[in-house]
Amino acid sequence: MKNVLGPAAVLGVLLLAWEALHLAVANTGLPSPVTTLVRLVGLLGEAEFWDQAAETARAFAVAVVLSTIGGIALGILLGMNRTAGVVSEPILVNLYSLPKVTLYPVVLLIFGLGISARIAFGIMHGMIPLTLFTMNAILQMKPVYRRSAAVMGLTPWQTSLTVVLPAILPEVITGARLGVSLCLLGVLIGEMFASRNGLGYMVMHAMERGDMPTVLAVALLLAVVALVVNAMLLMLDRAWRH
Amino acid sequence: MTLAALAEIAPVSDADDHHARLTGVTRVFGKPGTAKCVHALGPIDLDLRRGEFFSVVGPSGCGKSTLLDVLAGLSKPTEGTAEFEGRPIDGVPAGVGVVFQEDASFPWLSVTDNVAFGLRRAGVDAAEIARRVDYAVGFMGLKQFAGAYPAQLSGGMRQRVCIARTLVMQPRLILLDEPFGALDQQTRLLMGDELLRLWRETSATVLLITHALDEAAMLSDRVGVMSARPGVFIDILETGWEVDRDSRIVSHPRFGDLTGHLWEKLRTESLKHLRDG
Amino acid sequence: MTLAALAEIAPVSDADDHHARLTGVTRVFGKPGTAKCVHALGPIDLDLRRGEFFSVVGPSGCGKSTLLDVLAGLSKPTEGTAEFEGRPIDGVPAGVGVVFQEDASFPWLSVTDNVAFGLRRAGVDAAEIARRVDYAVGFMGLKQFAGAYPAQLSGGMRQRVCIARTLVMQPRLILLDEPFGALDQQTRLLMGDELLRLWRETSATVLLITHALDEAAMLSDRVGVMSARPGVFIDILETGWEVDRDSRIVSHPRFGDLTGHLWEKLRTESLKHLRDG
Amino acid sequence: AVVPAAPALADEISVTQWGTSMYGAPYAVAMSEGLFKKAGVDITSIIGSGGGGTTVRNLLASETPYGDVAIAAALAAQRQGLDVIIVNTGTRSTAEASLVTMPDSPIKSLKDLEGKKVAITSPKGVSEMLLLMALKQEGVDASKVERVASGGYVNGLTMLEQGAVAAAALIEPLSIIRAAKYRTVVNYGKLLPPMTTSVGITTRAFAKKNPEKLKAIIAGRAAGVEALYADPAKAAEIVGKAFKLEPAIAKVAVDNMLGPRMWSVGEFNQAELDRTIDGLRLIGEVTGPVDWSKLLDPAFLPASIQGKK
Amino acid sequence: MTREGRIRLLVVAAAVGALELACRIDWIPASVMIPPSAMATSLWDILVSGTHWKDILVSLRSVATAAVLAVVLGFLVGAVIHALPLVRSAVEPLLASYYAVPTFMFYPVFIILFGVGPSAIIAIAVLLAVVAMISATLTGLDRIPRVLGKTALIMRLGPIERAFKISLPAAMPYLFTGVKLAVAYAFIGVIASEFILSGAGMGYAIAYAYNNFNNREMYGLMLLIVLLVTVVNTALDAVDRRLQARLRR
Ligand SMILES: Nc1ncnc2c1ncn2[C@@H]1O[C@H](COP(=O)(O)OP(=O)(O)OP(=O)(O)O)[C@@H](O)[C@H]1O
Ligand SMILES: Nc1ncnc2c1ncn2[C@@H]1O[C@H](COP(=O)(O)OP(=O)(O)OP(=O)(O)O)[C@@H](O)[C@H]1O
Ligand SMILES: [Mg+2]
Ligand SMILES: [Mg+2]
């Protein structure tokens, strides 16, 4: 309870700052928090909004699942071999810090404008951190765990399942947390740049019409959802690290 | 009693009596001839007598852990042969338990689950697991921490968990690699008492690697002193203690003689290591 | 020589002779009466004689570091008074040097710069700095590592850097808080030799906190034994060694007596700590 | 091989700025009134997009590669060697675009813009082209008017409100929604003569393989245009629904386009085409001569309008 | 060069070679991707002809400004939060979840606040990058060994001297990791904003080339960004590794 109160207070302060900003730049089209919330409630009542949200959610869900599976699998593959790990790490880090949005046209050229492009783009964002975290977790796992397993006569399969997996899980969850966030970001950017549906498109469309309350309402909603999802993963993370 | 009498080299015991035996064992890391090639150990001849408490002391990096790896079947000797209970060691032999220098408790399992881990994998039935785990946890004084996780325990407690985890497997040969290296001396002496108690109760053969001379002198039937790398035994010392000993023997006059003798043997070897930074 | 003779409690030395003095010092952390309040230390009465080598041993958490903090002026006693060279201690007194248990070398400076750090700040002139740093670096056997950075050195080497850094300031009272706690026993004994050499050359007063009974027995003129928390001195032992001693005295029969006696005093205190996990 | 993945839905066509601009109105009407079906094709939905090249890319990737796109995009695609042909005209007026300023601003005409800054959306975009054409028409020296790329119409308005620019480009329906806040300096539709602004394009391969389908699409759209002009009120209702506009705003938007006859039935008009090319030359989008014979293919227009030029 | 370094070079070279081959034999159609060699010549043409220098400079200036602002602001905010444990406990969970917030969507707000142009884009980039620096500052200040503080007391350093001679160098390796991340995020923030929202800069140039079917120019610019990021990253990484090496104890 206490660890909800603090962030809630911070969010409260941010809302107040927003209101103050709204008053300070009066009449320039920056809606007040109240206007935004009213708009948000309005949106939540529209079927159209839910269609778009479902579109985003679908792309996001598929991207998360695929990048999680892919990221962990690739991370394990690279982590099992020290040379492979050391060779690929800087490449992965470099890919991570690349402004991937510039590669979006390539994605569009390959996948077309459908949901697959957005999924692919989400994966491009979300997979690398997971791969990196998983790989490093395996590379840096205490060798003594493996030796203990050997001494207890565990088969390689038993070792992977009952020792390696739980040992790297905290790192994997941390990676997943980052990956999930970035997946969402990737999908939304994809929708903003070239798409005909999804919340990103909705925001872009509203921006084009100068419909600020809608822009902020959707952005706010996404921010809150992202924070909540992240907080849940964070709790999972903490629970696992006794 | 004179030092000369103490320093009597142990004769090779007869075949029936020996529990594990290393003959001419060496271990070289890396390709021979290359710059990275490290001659870490040997040649080593060693007979562990059934039921004895044998300690190995030696300067840092002299190959103590390598020796243990060979006995545990974790590492193959480059030359020579290693056998346990009359059979050559190939892979980790059943009946051998190991406690490592590093904390090897699994942080994701509670103390009980840690201790039960090996038994569960081995498919021992639940009632038997419960019985053995209960006993080991109690024996190592972990009763009140049974549900705790390693992160909530001190370093000494965690090593006890690892010892309990080894103990439940009922090993006939227990190998310990500086298990108390991270603890302070006083705690270490007390843990030594428990090790002695365990040894007496299980009547297993114990090989203890340590860098603490007092620990070696107080706990062991015999102490093997290793040279700087490549480690070979430069001395094997019979302590002549009763089976029924504990840490209070540190005030025994022979204890001082023993540590003094060990230190004399090791001082020059340790200086070799220290000079390399 | 009998244990009784060894265990003779040191008489309070006369005023002229004492270098630092604690009278009725206690230290309580947290607000008294609250749940978080910890009575860490005392009451302590201690007279450090000018030029003596005094060691403090005691179980983990008994307040040894707290005692050192009071002497170093890093922490104010809750009750009682602390004085150094006749003046009450208020803030860090000039003439006191401290070597901490943790590695306190500055990783961003080379060995030479680490050692020169304090002198440069104090505005000592360059030639004098060079002379003193050179001497200290040489004395601690760091000559060939003068340009190296701490990360390139072993733990033992880094502690030597910290000792050299304290040494160049020419302190009259040197406080050492388990400086070799992280090293293995053999290396520690060798470092002890260098500490003795340093003590003889500088003729400073040395207070060494340690958990290693052999270290205390071998290095000190007097050893203070502390109880479990709140730490009070339960014994102060005169060792009676010559000034001109080194680690080889571990084979001296009196050495065994001393450690044995210390262990007897400490065993029950240490058990108290161990039981709390 | 890496094959551009096609959306699964058949008979989806692309319309630029679908949902934001009036280009798409005939399609909305035709779909709602079943005019496509009557013409022999089942258009189920429209792929919209931000405009320009994206629309062309989309249509190239779709199963029914027909789309209504800005003429500049069609030319660019052709220039880059993509196998596209223009098969009909879409819109022929700039009536939806205007230049606005703040109500209290001293800017009364284009002349007043000399030495001032004007917000356009992006360099080489439609808003810049129209501004340059209008300046040229009024005899104002374009080099004296500084063009600032704002990234979007709303951004330009924000700059205008903050005084960063003296005037900003604007487009419907945004200009209708915000009509009260700004004063129109010039309505391009009133100032500039008609010119082709959007065209229907397809790939040569599709045209060869499915000429009947293509003809049906064009015919369906033409029927939509006619229905639109015949009953603007109903059309406004349909468009309002399709574009999620308030009915009143949709009504104004459609009505504004009636006068200049924004929507072409599909026929090509050389003069209107050339005007656009002149405009594109002003912003440097077109440099060399344009070979219309390679670009245009009127063969798929309804028989009734084929001859008209 | 280490063995791994050589292998890495080989891997990258092989990947580029494979791409080249795939494009050359038309396994990847030219409408989707052009061969790497063509990207390189296109980049060369872009640089020589000077058509995009303005965009490149605009982007680089924005990235640099954003990175500097993020580092300075992040450090200051981090230091203040570090000094206020109560604020810290409230803010930290939010920091941990921060990257999930789609910053780009607040662009219109920044336009209102900062006007159109580089400032709004810089604001987005700063917003994206500053959190990495705040986190790094918190970690860095946390990780200053307590014993160094005691040492400062023993050496009787004043607060200012202590901050500059002990705290800052001790925290530096962590702070630099923050700097490295801040630069990367500044890059991402600036280029992405230009790409989606703006009318200038490298990001916009790529989007524009894409819209005009100018694959050659698009891939030339993409290559430029990949190279720029790689160079900057490698340089920062080299410094980072050196600083990290100090911590290895
Ligand atoms: N896998 C390996 N490859 C190369 N050299 C190795 C390897 N394992 C150990 N060595 C080297 O072999 C020597 C002996 O190592 P070992 O770990 O057995 O020493 P140790 O006596 O256990 O040391 P410590 O007291 O520090 O635990 C060391 O010099 C070490 O560097
Ligand atoms: N700042 C503090 N606030 C509250 N309690 C403290 C503080 N510092 C120390 N203590 C407590 O005071 C007791 C004595 O601490 P101290 O560090 O002096 O022990 P020590 O004998 O040096 O232990 P060790 O052998 O582990 O170094 C411990 O129980 C410790 O938890
Ligand atoms: Mg070892
Ligand atoms: Mg302490």
Side-chain angles (χ1 to χ4, degrees), chain A residues 2-11 21 25 28-30 83 86-88 90-91 93-94 96-106 108-110 177-178 180-182 184-185 188-189 192-193 200 203-204 206-207 210 212 215-216 218-219 222-223 225-231 233-234, chain E residues 2-5 7-8 10-12 28 31-33 86-87 89-94 96-109 112-113 180-181 183-185 187-192 195-197 202-203 206-207 209-210 215 218-219 221-222 225-226 229-230 232-234 237:
Chain A
K2 206 177 134 206
N3 47 16
V4 173
L5 234 58
V10 175
L11 288 179
L21 205 61
V25 298
T28 50
L30 176 63
T83 307
V86 175
V87 166
S88 52
I91 298 179
V93 169
N94 205 43
Y96 177 67
S97 50
L98 199 69
K100 280 168 282 292
V101 72
T102 53
L103 302 181
Y104 197 49
V106 186
L108 284 175
L109 289 174
I110 295 174
R177 209 157 54 74
L178 203 58
V180 166
S181 304
L182 292 175
L184 181 60
L185 200 65
L188 289 173
I189 290 179
M192 284 174 86
F193 176 66
V203 166
M204 206 61 190
M207 270 189 207
M212 282 292 284
V215 173
L216 285 182
V218 176
L222 284 169
V225 167
L227 285 179
V228 168
V229 169
N230 223 299
L233 282 170
L234 202 62
Chain E
T2 59
R3 189 176 78 97
E4 281 82 9
I7 298 177
R8 192 177 306 129
L10 268 172
V11 168
V12 172
I28 300 177
S31 60
V32 169
M33 193 177 280
L86 211 67
V87 174
S89 68
V91 171
E92 228 164 17
L94 293 176
S97 308
Y98 184 81
Y99 286 105
V101 177
T103 322
F104 298 97
M105 297 196 165
F106 295 101
Y107 184 66
V109 179
I112 291 170
L113 297 180
K180 196 175 84 169
L181 283 176
V183 171
Y185 285 127
F187 239 109
I188 292 177
V190 165
I191 302 288
F195 187 83
I196 311 177
L197 308 162
M202 280 191 271
I206 289 177
Y210 169 77
N215 270 8
M218 179 177 93
Y219 278 109
L221 287 165
M222 280 186 188
I225 288 185
V226 170
V229 168
T230 307
V232 170
N233 239 325
T234 311
D237 211 53

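This one's a predicted model, so the numbers in the text were calculated from it and none came from an experiment. Sequence lines set the chain letters: A, B, ... in the order given, protein chains first and strands last, and positions in each chain run from 1.
Contacts of A/Leu233 with chain E are absent, with no heavy-atom separation under 4.5 Å from either backbone or side chain. No part of E/Asp237 comes within reach of chain A, as not one of its non-hydrogen atoms sits under 4.5 angstrom from that chain. Neither the backbone nor the side chain of E/Met202 comes within less than 4.5 Å of any heavy atom of chain A. A/Val86 touches chain E through backbone and side chain together, each having a heavy atom under 4.5 Å away.
When each of E/Leu113, E/Val11, E/Val12 is scored by its heavy-atom pairs under 4.5 Å with chain A, the top score falls to E/Leu113.
Taking each heavy atom of A/Thr102 and E/Phe195 in turn, the nearest pair found is CA-CE1, 4.2 Å. Nearest approach of E/Arg8 to A/Val87, heavy atoms of both residues: NE-O, 2.8 Å. Residues E/Arg3 and A/Thr83 approach most closely at NH2-OG1, 3.1 Å, considering heavy atoms.
Applying the side-chain contact (heavy atoms from CB on, under 4.5 Å) test to E/Val229 and every residue at least two apart in sequence or in another chain returns A/Asn94, A/Ser97, A/Leu98, A/Pro99, E/Phe187, E/Ile225, E/Asn233.
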